[in-house]
**Q** 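My structure is below; once you've seen it, I'll send some questions.
Small disclaimer: the values here were computed from a predicted structure and weren't measured.
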Amino acid sequence: MTRLFAGTPFDIPPTCDLCGQKESECKCTPQQKAEAEAQQQREADRLPPEKQTARVRLDRRKGGRTVTLVEGLTSRANDLPDLLGTLQSACGAGGTVKKADDLIELQGDHVERVRQKLGEIGYRLKK
């Protein structure tokens, strides 16, 4: 007996977090369990928008093109691709996420719209 109440009416056998069945009857693979643990860790690392500060600025590229940059939000604390989709739909523009730099780029001059949308979501903004 390895559990505290094993063999008594108070015994609650351990269950799998993924499928909810008893561990002795669980059919989840180790890979599925590892993926579930990784997902839980990513969710635990997320910070609410109120605790993060974003910097929005305009960058000029060669050929006269302008790009709106959102900096200061880490990929570990945010779902940057999801945030990019939200900003793209708000601005009606294309864009990309630079994971190495934790940077969101939107095509065109959309500084005011991005600031407004990030403020609505709850991010703090720095000028």
Side-chain angles (χ1 to χ4, degrees):
M1 290 190 216
T2 59
R3 296 187 313 270
L4 182 61
F5 296 109
T8 68
F10 301 106
D11 182 26
I12 300 174
T15 58
C16 174
D17 294 333
L18 204 55
C19 64
Q21 296 182 355
K22 293 180 184 176
E23 283 187 356
S24 59
E25 299 170 1
C26 176
K27 299 203 182 343
C28 298
T29 64
Q31 182 181 7
Q32 289 174 326
K33 289 183 180 183
E35 289 173 3
E37 286 179 20
Q39 178 66 25
Q40 288 175 348
Q41 184 62 38
R42 281 192 297 273
E43 292 300 321
D45 290 341
R46 301 276 186 235
L47 290 175
E50 300 82 33
K51 293 187 177 185
Q52 300 180 60
T53 303
R55 287 178 217 87
V56 182
R57 67 181 178 95
L58 191 66
D59 191 24
R60 299 213 183 270
R61 302 282 168 94
K62 64 181 180 180
R65 295 183 306 237
T66 57
V67 178
T68 303
L69 301 174
V70 180
E71 302 171 318
L73 304 176
T74 62
S75 59
R76 185 174 181 153
N78 295 287
D79 184 10
L80 292 182
D82 185 45
L83 182 59
L84 172 66
T86 303
L87 295 175
Q88 282 178 326
S89 65
C91 297
T96 187
V97 173
K98 304 282 183 162
K99 288 200 180 221
D101 302 329
D102 287 334
L103 183 73
I104 294 177
E105 291 183 356
L106 288 167
Q107 298 171 354
D109 183 359
H110 302 288
V111 174
E112 290 306 315
R113 283 190 214 145
V114 169
R115 284 182 171 279
Q116 180 183 0
K117 190 63 176 176
L118 289 175
E120 287 174 10
I121 295 172
Y123 288 99
R124 293 182 296 189
L125 297 169
K126 193 172 198 178
K127 291 199 178 204

**Q** Between Q88 and L106, is there a side-chain heavy-atom distance shorter than 4.5 Å?
**A**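 They are in side-chain contact.
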**Q** How long is the gap from CD on E50 to CD1 on I121, to the nearest 0.5 Å?
**A**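 It is 11.0 Å, given to the nearest 0.5 Å.
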**Q** Okay, side chain of T53, backbone of K126: is any donor-acceptor separation there less than 3.5 Å?
**A** no
**Q** In Å, rounded to the nearest 0.5 Å, how long is the span from CG of L87 to CD of E105?
**A**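 If I round to the nearest 0.5 Å, the distance is 13.0 Å.
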**Q** Find the distance between OG1 (T15) and CD (E23) and round it off to the nearest 0.5 Å.
**A** 7.0 Å
**Q** Any chance you could lay out the side chain to side chain contact (heavy atoms under 4.5 Å, CB included) test for K33 and C26, step after step, and finish with the verdict?
**A** CA-CA 11 Å; K33 289 183 180 183; C26 176; 4.0 Å; yes
**Q** Is a donor on one side and an acceptor on the other found under 3.5 Å between the side chain of R46 and the backbone of N78?
**A** yes
**Q** Under a 3.5 Å distance rule, please check whether E25 uses its side chain to pair with a backbone N or O of K22 as donor and acceptor.
**A**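 Absent.
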**Q** Can you tell me how far apart CD (E112) and OG1 (T68) are? Round to the nearest 0.5 Å.
**A** 10.0 Å
**Q** Can you tell me how far the CD atom of E35 sits from the CG atom of L18, to the nearest 0.5 Å?
**A** 9.5 Å
**Q** Roughly how far, to the nearest 0.5 Å, is the CG atom of L103 from the CZ atom of R55?
**A** 11.0 Å
**Q** Any side-chain heavy atom of L83 sitting closer than 4.5 Å to one from Y123?
**A** yes
**Q** Between S75 and D102 (side chain of the first, backbone of the second, donor and acceptor by atom type, cut-off under 3.5 Å), is there such a pair?
**A** no
